[in-house]
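Report on the structure given below.
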There are 2 protein chains.
Amino acid sequence: MKKYFVLNGTILYLCRVEQNKQEMAGRPKTYDEDTALDEAVRVFWEKGYTNASADDLLKAMGIGKGSFYLAFRGGKQELFEKSMKRVVEQNFTELRNAVATCEDPVQLIRDFFLGLTGTQSPIGNKGCYFGNALVQISESDAGLKLLASQYLKVLESIFEEAMQRGKEKGLLKSELAPPVLASYLINLWNGINVTRRMEQNSDRLTELLKLNLAVIE
Amino acid sequence: MKKYFVLNGTILYLCRVEQNKQEMAGRPKTYDEDTALDEAVRVFWEKGYTNASADDLLKAMGIGKGSFYLAFRGGKQELFEKSMKRVVEQNFTELRNAVATCEDPVQLIRDFFLGLTGTQSPIGNKGCYFGNALVQISESDAGLKLLASQYLKVLESIFEEAMQRGKEKGLLKSELAPPVLASYLINLWNGINVTRRMEQNSDRLTELLKLNLAVIE
DNA sequence: TCAATATTGTACTATTTGGTACAAAATAAG
DNA sequence: CTTATTTTGTACCAAATAGTACAATATTGA
């Protein structure tokens with residue numbers, strides 16, 4: 001089964017198409033691609049795209065150069081491309097399902113934001129994987145930046161869906177249209193992920209979030 | 001004459017203390033330090049901290065290694081430190097004076113934000129010098145990141161001053177305290193500088209800004 | 001067992017990088 | 001002119017970096 005978004009005419013697959021791991025001849029891989037990808041994500045997220053060297057990545061992934069350049073001929077760029085896809089799969093899909101099925105999608109979004117300031121937040125001080133990419137990656141990697149912005153727009157579309165459902169259910173006072181609210185929310189997302197790096201005080205961050213979330217009361 | 005902010009017990013000088021360029025013995029410099037610094041700012045802003053190599057910087061500054069490491073013993077880090085100071089001097093000081101003296105400081109801030117979306121904006125797509133630094137610089141350069149966040153707080157304090165004056169002059173409907181509004185505005189600043197990299201449509205950006213600026217109506 | 005195939009590890013290379021050392025050059029003061 | 005001082009340009013260096021080549025290895029299927 002395929003799951004995907006169509007966004008601006010581009011198809012963005014969110015869930016891996018199940019590959020029947022057909023038994024094939026040849027030496028078997030010693031590593032699991034998804035597990036290795038998760039490690040790469042961790043390194044990229046912690047160090048940033050540019051600061052993460054091929055060496056850092058290979059060590060974390062636990063594979064050698066031979067395996068790496070076989071699996072990712074495009075090197076670091078291709079790895080990052082796949083790592084972004086992985087982050088979307090692991091983080092957005094779940095959120096999107098929740099938005100589509102929960103009782104109160106507006107409250108879900110509120111909790112999504114308010115959960116950021118807690119110390120146990122999985123995102124921590126690392127910021128948004130895609131927002132970081134937009135700021136860290138050089139202009140010469142325009143393709144990667146474009147992908148990152150497309151994925152951010154996927155998040156925006158999830159916000160929009162939540163607002164749409166919230167409106168249908170009468171859970172939103174705001175007169176503003178869902179796309180406008182979604183644009184407000186993605187900007188809040190982008191902002192808070194930078195602001196939290198300058199403002200350590202989590203009470204003040206929470207205050208700031210509550211003030212912003214007043215628009216979706 | 002000195003100009004400085006005191007922020008969290010740290011003194012941040014904004015204007016260079018006039019140095020009586022006393023004639024001293026020795027071969028004279030072939031370059032102007034501030035001009036070279038401006039070129040370094042340009043490179044850092046365009047390429048990002050990590051992507052800017054010493055070579056890129058030296059070429060842009062028009063000086064050789066000998067001169068560079070004499071003037072900036074700390075290498076790239078020290079150069080960036082001084083470049084941040086320069087950006088503050090050139091951008092914040094003027095804004096702060098305007099806030100302190102203009103008729104309508106609230107309108108000034110509105111224009112400050114709305115001016116961002118125009119194609120002729122000096123900032124363009126490069127984002128905020130300090131926000132970029134917070135996202136681009138690795139954890140191992142904690143000192144630089146701290147400085148960047150302090151400078152962002154200077155901007156926040158300018159917003160606060162504007163709100164304070166606006167309130168005194170009866171130009172603000174909002175009941176919110178100036179520090180709260182300032183925190184809202186610095187987060188908007190951080191957000192919009194990322195969002196504009198994913199949202200090219202300047203009309204939508206303007207809409208987004210206007211919606212956000214409603215809080216200081 | 002053997003052929004075909006896919007993966008791995010290592011050795012190697014070329015380039016970039018950040019930085020040092022130091023002699024030559026240009027100035028002021030005596 | 002000489003000395004002290006400061007800046008400059010170049011040559012050099014060691015480490016990091018990205019990437020290639022290829023033989024060895026481990027598997028499937030005939």
Side-chain angles (χ1 to χ4, degrees), chain A residues 19-37 39-40 43-44 46-83 136-141 143-144, chain B residues 19-37 39-40 43-44 46-83 133 136-144:
Chain A
Q19 309 241 20
N20 295 8
K21 235 190 193 174
Q22 48 191 339
E23 304 290 329
M24 55 182 170
R27 181 171 177 173
K29 285 191 174 175
T30 59
Y31 65 97
D32 175 62
E33 180 140 340
D34 281 347
T35 310
L37 220 39
E39 287 304 298
V43 171
F44 277 133
E46 264 177 16
K47 298 200 156 196
Y49 180 78
T50 316
N51 292 313
S53 70
D55 214 47
D56 292 331
L57 293 160
L58 295 203
K59 268 184 191 143
M61 295 167 83
I63 65 180
K65 289 195 167 183
S67 310
F68 178 72
Y69 284 104
L70 185 69
F72 307 92
R73 277 191 224 167
K76 194 168 150 180
Q77 295 176 20
E78 183 178 342
L79 177 62
F80 191 72
E81 214 171 296
K82 290 185 176 167
S83 81
Q136 290 166 350
I137 295 175
S138 99
E139 294 301 326
S140 56
D141 263 321
L144 285 184
Chain B
Q19 308 240 20
N20 295 10
K21 236 187 191 174
Q22 50 191 338
E23 304 289 328
M24 57 182 168
R27 183 171 175 171
K29 286 191 173 176
T30 59
Y31 64 96
D32 175 61
E33 180 140 341
D34 282 345
T35 309
L37 218 40
E39 286 304 298
V43 172
F44 276 133
E46 263 178 17
K47 298 202 156 195
Y49 179 78
T50 317
N51 292 313
S53 70
D55 214 47
D56 292 331
L57 293 161
L58 294 204
K59 269 183 191 141
M61 296 167 82
I63 64 180
K65 287 193 169 187
S67 310
F68 178 72
Y69 284 104
L70 185 69
F72 307 91
R73 279 191 223 166
K76 195 168 151 180
Q77 295 175 22
E78 183 178 340
L79 177 62
F80 191 72
E81 216 171 294
K82 289 184 176 168
S83 82
Q136 291 167 350
I137 296 176
S138 100
E139 294 301 326
S140 56
D141 263 321
L144 285 184

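A note on names: the letters A, B, ... follow the listed sequences, proteins ahead of strands, and every chain is numbered from 1. As a basis for the values below, the full set of heavy atoms in this structure was taken, side chains included, without hydrogen atoms, waters or symmetry mates.
Between Tyr69(A) atom OH and dC22(D) atom P there is a gap of 18 Å when expressed in whole angstrom units. The interatomic distance linking Glu78(B) (CD) with dG19(C) (P) rounds to 11 Å, in whole Å. Distance, Glu33(B) CD to dT6(D) P: 15 Å, rounded to whole Å. One interatomic measurement links the two molecules: CD1 of Ile63(B) to C1' of dT6(D), which rounds to 15 Å at whole-angstrom precision. Whole-Å rounding puts the Lys29(B) NZ to dA28(C) C1' distance at 17 Å. To the nearest angstrom, C1' of dA18(D) lies 12 Å from CD of Gln77(A). Across the protein-nucleic acid pair, Phe68(B) atom CZ and dT20(C) atom P stand 11 Å apart, rounded to whole Å. With rounding to whole Å, Lys76(A) atom NZ is found 9 Å from dT17(D) atom P.
Tyr31(B) comes within contact range of the sugar-phosphate backbone alone, with a heavy-atom separation under 4.0 Å but no base atom that close.
Ala36(A) and Tyr31(A) get closest at one heavy-atom pair: CB-CD1, 4.0 Å. For the pair Ala60(A) and Val43(A), the tightest heavy-atom approach, listed with the atom from each and the gap, is CB-CG2, 3.4 Å. Between Gly64(A) and Leu58(A) the shortest heavy-atom distance is C-CD1, 4.1 Å. Across all their heavy atoms, Leu79(B) and Phe68(B) have their closest contact at CD2-CE1, 3.8 Å. Nearest heavy-atom pair across Glu78(A) and Ala71(A) is OE2-O, 3.7 Å.
Annotation: side chain of Leu57(B) is not in contact with side chain of Phe80(B) (no heavy-atom distance under 4.5 Å).
Only Ser53(A), Ala54(A), listed by number, bring a heavy atom of residues 50-62 of chain A to less than 4.0 angstrom from any atom of DNA chain D.
Under the 3.5 Å distance criterion, with hydrogens and angles disregarded, no donor-acceptor pair is assigned to the side chains of Asp141(B) and Ser138(B).
Between dT20(C), dT8(C), dA26(C), one nucleotide has an atom nearer to the side chain of Arg27(B) than all others, and that is dA26(C). For Pro28(B), whose side chain is taken as the heavy atoms from C-beta onward, the closest listed nucleotide among dG19(C), dT8(D), dT27(C) is dT27(C). Comparing dT8(C), dT8(D), dT20(D) by their nearest atom to the side chain of Leu70(A) picks out dT8(C). In the set dT8(C), dT28(D), dT27(C), dT8(C) carries the atom at the smallest distance from any side-chain atom of Ser67(A).
Because its NZ or CZ atom is both nearer than 6.0 Å to the ring centre of Tyr49(B) and within 45° of the ring axis, Lys76(B) counts as a cation-pi partner of that residue.
Checking side-chain atoms of Asn51(B) against main-chain N and O of Lys47(B) turns up a donor-acceptor pair under 3.5 Å.
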Any N/O pairs under 3.5 Å between the protein and nucleotides 10-13 of chain C? List them or say none.
none

